[in-house]
Amino acid sequence: MIEKNEMIFGVRAVIEAIQAGKEIDKVLVKKDIQSDLSKELFAALKDTFIPVQRVPVERINRITKKNHQGVVAFISPIAYQRTEDIVPFLFEQGKNPLLLMLDGLTDVRNFGAIARTCECAGVDAIIIPSKNSVSVNADAIKTSAGALHTLPVCRESNLKNTINFLKESGFKIVAATEKGDYDYTKGDYTSPTCIIMGAEDTGVPYEHLALCDEWIKIPLFGNIESLNVSVAAGILIYEAVKQRGFGNE
């Protein structure tokens, strides 16, 4: 059954939700779950992009007092997209796409603020990984001022493959990193572009940096070592807007 806070609990109920194509944000499973039905659950999850977290049963007990059988699924308030579906659609519309990839961002309020900026600036989609990342929840939607209801969010299981797909599709991949070769204003965002931003503490992983066409940085002149990621995203996005001449027609 589904509770009013948009959770599904119970192994069979979660299996049925997956099979029915419900948009599920994540599934929590107690660490030591072992049953024939749980095997059926993992089989149903196998070919999906739904994140699964194994957690102590106490955590699930704090979420619901119902008979959860060690499994709780959270319903997503939006339908996630796939990059491989969005990109051809954008080109068919005659667009010069601008995408933003958030690689390892975990703060939902920063996510919401970034989504709001993206929507205002005309960014075509945000890409996030399915693991170790933010997801769209009520807090993110509220902080985005509703932008996440209209801005496509693509959730991918392997960002390396996604980056390679974008490159093969003609995108320039630009990484924002403190290791950047030059000032962000010297980057070129005029062609189809995907800007990649990492978490504030760890940045973009090197395995993804190695695939990028440009490494750019925002100069800092004070004592603090980094900008808030949502502020940095806004600076880079509007530099791309400026270079593309939006609003000057």
Side-chain angles (χ1 to χ4, degrees), residues 81-84 86-87 90-91 95-107 110-129 132-134 136 140 144 147-148 151-156 158-220 226-247:
Q81 309 293 323
R82 295 294 311 283
T83 307
E84 63 187 28
I86 286 282
V87 166
L90 293 172
F91 283 130
K95 288 197 171 186
N96 178 22
L98 177 61
L99 308 179
L100 181 69
M101 180 180 290
L102 300 176
D103 191 352
L105 184 69
T106 56
D107 186 289
N110 278 333
F111 180 38
I114 291 169
R116 183 173 183 173
T117 299
C118 285
E119 201 284 330
C120 289
V123 172
D124 294 293
I126 292 176
I127 303 170
I128 59 174
N132 303 316
S133 172
V134 290
V136 179
S144 79
L148 285 166
L151 178 69
V153 179
C154 303
R155 187 165 67 175
E156 303 294 346
N158 188 316
L159 290 189
K160 184 176 180 180
N161 289 346
T162 302
I163 293 169
N164 283 325
F165 167 75
L166 290 172
K167 293 181 72 170
E168 291 166 2
S169 300
F171 278 76
K172 174 178 284 187
I173 312 299
V174 180
T177 170
E178 62 182 12
K179 305 179 185 71
D181 298 312
Y182 38 77
D183 185 290
Y184 73 99
T185 59
K186 294 181 173 63
D188 181 5
Y189 316 91
T190 56
S191 61
T193 300
C194 178
I195 299 171
I196 304 182
M197 307 199 68
E200 290 180 22
D201 55 344
T202 57
V204 180
Y206 184 77
E207 64 175 336
H208 297 157
L209 282 176
L211 299 173
C212 295
D213 299 298
E214 293 188 30
W215 295 9
I216 53 92
K217 60 185 176 182
I218 299 173
L220 302 173
S226 66
L227 290 168
N228 172 278
V229 65
S230 66
V231 173
I235 291 171
L236 299 180
I237 289 165
Y238 271 93
E239 175 62 24
V241 169
K242 175 186 172 185
Q243 289 191 16
R244 288 165 174 239
F246 293 169

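Given the structure is predicted, the values throughout are model-derived calculations rather than measurements. All residue numbers in this chain count up from 1 along the given sequence.
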Heavy-atom closest pair, residues Cys212 and Ala175: SG-CB, 3.6 Å
Distance, nearest 0.5 Å, that separates CG of Leu166 from CG of Leu211: 11.0 Å
Heavy-atom closest pair, residues Pro129 and Gly104: CG-N, 4.3 Å
Minimal non-hydrogen separation, Ala121 against Val241, with atom names: O-CG2, 3.7 Å
Straight-line distance of Cys154 SG to Leu159 CG, nearest 0.5 Å: 11.0 Å
Shortest non-hydrogen contact from Cys118 toward Ile237: SG-CD1, 3.6 Å
Expected output: side-chain Lys179 to main-chain Leu209 donor-acceptor under 3.5 Å: no
Side chain to side chain, Leu99 and Leu90, heavy atoms closer than 4.5 Å: yes
Of all pairs that satisfy ring pair (Phe, Tyr, Trp, His ring centres under 6.0 Å), the ones with a partner from residues 182-216, not counting sequence neighbours: none
Nearest-0.5 Å distance, CE of residue Met197 to CG of residue Leu236: 5.0 Å
From Ile128 atom CD1 to Thr106 atom OG1, the distance as rounded to the nearest 0.5 Å: 12.0 Å
Heavy-atom pair with the smallest gap, counting every atom of Phe171 and Cys194: CD2-N, 4.0 Å
Beyond-backbone contact of Phe111 with Val136, side-chain heavy atoms, under 4.5 angstrom: yes
Salt bridge (charged side-chain N to carboxylate O under 4.0 Å, His left out): pairs with one or both residues in residues 117-127, sequence neighbours excluded: Lys95-Asp124
Listed partners of Asn110 passing side-chain contact (heavy atoms from CB on, under 4.5 Å), at least two apart: Leu105, Asp107, Glu200, Asn228, Val229, Ser230
side-chain contact (heavy atoms from CB on, under 4.5 Å) against Thr190, all qualifying residues, sequence neighbours excluded: Asp188, Gln243
Validation row: Lys167, Asp213 side chains within 4.5 angstrom (heavy atoms): yes
Check: Arg244 side chain, Ser191 main-chain N or O, donor-acceptor pair, under 3.5 Å: yes
side-chain hydrogen bond (donor to acceptor under 3.5 Å, both in side chains) pairs, two or more places apart, involving residues 169-178: Lys172-Glu214
Non-neighbouring partners of Glu156 that pass side chain to side chain donor-acceptor pair (under 3.5 Å), sequence neighbours left out: Arg82, Thr83
Rounded distance [0.5 Å steps], CG in Leu102 versus CD1 in Ile114: 5.0 Å
Value rounded to 0.5 Å, distance of OG1 in Thr117 from CD1 in Ile235: 10.5 Å
Candidates Ile216, Leu100, Ile173 - the one meeting side chain to side chain contact (heavy atoms under 4.5 Å, CB included) with Ile195: Leu100
Contact summary for Ala125 and Ile86, nearest pair of heavy atoms: CB-CG2, 4.4 Å
